[in-house]
Number of protein chains: 2
Amino acid sequence: MSTPERLIEATQELLWERGYVGTSPKAIQQRAGAGQGSMYHHFAGKPGLALAAVSRTAAEMRGTAGRLLDGPGSAYERIAAYLLRERDVLKGCPVGRLTMDPEVIASDALRAPVDETIDWLRGRLAEIIQEGLDQGEFSPGLAAGEVAAAVVATVQGGYVLARASGSTAAFDSAVQGLLSLLAPAAPAGLA
Amino acid sequence: MSTPERLIEATQELLWERGYVGTSPKAIQQRAGAGQGSMYHHFAGKPGLALAAVSRTAAEMRGTAGRLLDGPGSAYERIAAYLLRERDVLKGCPVGRLTMDPEVIASDALRAPVDETIDWLRGRLAEIIQEGLDQGEFSPGLAAGEVAAAVVATVQGGYVLARASGSTAAFDSAVQGLLSLLAPAAPAGLA
DNA sequence: GTCTATAGAGTGATAGAC
DNA sequence: GTCTATCACTCTATAGAC
């Protein structure tokens, strides 16, 4: 793999593990197996490299989520597929995590891909929930946009609960709680 | 105010704004108006001071949430009071934020007050939701513990959405979405 | 209790040789 | 493109005077 490529991937990993503030150029170079000069030749310092890494992480996340949300099944099933997909729960969300970093929030350039990704996810979920509402799959009074925000928030918050307790159980619990609230009313005759 | 007191409060603020990794002893001293020697006289370095600050922040949060959850009203009303309380949404949660800090997670001492606070909140919410279930206030099939986890996660994730977009709107939207999912079925004759 | 001095390591970057 | 050298600064802490 090329040196710029290795630098970007090392930065993606470190931003996920330690955030922007907690990641030093030196650590990036060591993980990438690249020298000082090499890094500064290919990128405009730590901010430039971080921008490349964050943009790529954001794009990858859109790809992963998009494939599940565009899959087969009812609205409920596609949302469940997204919520129940395999995750490195204890590592947290590589995109959402960045919102807690003061220097990411202070930089419009770094925050933009984060904002766009989360906003895209919320919008895509809202479309699917609206489909479900149109099909009579969910309670009629619901606002698709608000429920979509609650879905995204449950995932992001689930990471917080899991990392606080050091166990994935709390994430799974929150997801189950949300799914049970969202569940299509059991068709008459089931219970 | 005493010097130790000022140091603790300055640390609470900086941990909220920048996390543990992003906060230096020097910054704490400057905000507290205390010298180097003063800080190291009263506390065992950055970790000791952080532990004092985190413990206090956690206790304050339990107080705030406890007062709302112990208040008057139905189960739904008390949960809504908690969800809709005034918050510095764009600053994030002073407790939950710490779960994204690698050094907090690496330290059992620092993580403990965070874990205990979030766990206490989830437990208290579960009790209230169970009360609501016993009163027939919510859909009978729900698991109190899971719904409680979803409530906490929605709040924690709401902060992520708000900080990503730079606006409090997304937080409010997620909370409304959750409340609409949780809402007692409208009594017959309302619409 | 508070102050200044000092210290070794790390940070983020530039310069210039190869 | 990559390397080493160098830089001014910050980080976290200790020592010892006052």
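Note on naming: letters A, B, ... go to the chains in the order of the sequence lines (proteins, then strands), and numbering restarts at 1 for each one.
- Listed nucleotides: dA13(C), dG1(D), dT4(C). Nearest to the side chain of His42(A): dG1(D).
- Distance Gln30(A) CD to dC3(D) P: 13 Å, rounded to the nearest Å.
- With distances taken from any side-chain atom of Lys26(B) to the nucleotides dC11(D), dT4(D), dT14(D), the minimum falls on dC11(D).
- When heavy atoms are screened at a 4.0 angstrom cut-off, Gly37(A) is found touching base atoms of the nucleic acid.
- Distance Phe43(B) CZ to dT12(D) C1': 17 Å, rounded to the nearest Å.
- Using a 4.0 Å cut-off, no side-chain N or O of Thr3(A) falls inside it from OP1 or OP2 of dG1(D).
- Side-chain atoms of Ser38(A) lie closest to dT2(D) of the nucleotides dA13(D), dT2(D), dT2(C).
- One interatomic measurement links the two molecules: CD1 of Ile28(A) to P of dT11(C), which rounds to 11 Å at whole-angstrom precision.
- Only one option out of Glu127(A), Glu131(A), Glu137(A) pairs with Arg78(A) in a salt bridge (charged side-chain N to carboxylate O under 4.0 Å, His left out); it is Glu131(A).
- For NZ of Lys91(B), the number of neighbouring non-hydrogen atoms (other residues, nucleotides, ligands) closer than 6.0 Å is greater than 12.
- The cationic atom of Arg87(B) (NZ for Lys, CZ for Arg) lies less than 6.0 Å from the six-membered ring centre of Tyr82(B) and within 45° of the ring axis.
- If you check dT2(D), dG12(C), dA13(D) against the side chain of His41(A), the one that comes closest is dT2(D).
- A cation-pi arrangement is present between Lys46(A) and Tyr20(A), with the terminal nitrogen or guanidinium carbon under 6.0 Å from the aromatic centre and inside a 45° cone about the axis.
- A donor-acceptor pair shorter than 3.5 Å cannot be found between the side chains of Ser173(A) and Glu146(B).
- If you take NZ of Lys46(A) and C1' of dT14(C), they are 18 Å apart, rounded to a whole angstrom.
- Taking atom CD on Glu5(A) and atom P on dG1(D), their separation rounds to 14 Å, with Å as the unit.
- Atom OH in Tyr40(B) sits about 17 Å away from atom P in dG16(D), given to the nearest Å.
- When the C1' atom of dC3(C) is taken as reference, atom CD of Gln29(B) falls 12 Å away, rounded to whole Å.
- Rounded to whole Å, the distance from CZ on Arg6(B) to C1' on dT2(C) is 11 Å.
- Side-chain proximity of Gln36(B) to dT12(D), dA13(D), dC3(D): nearest is dA13(D).
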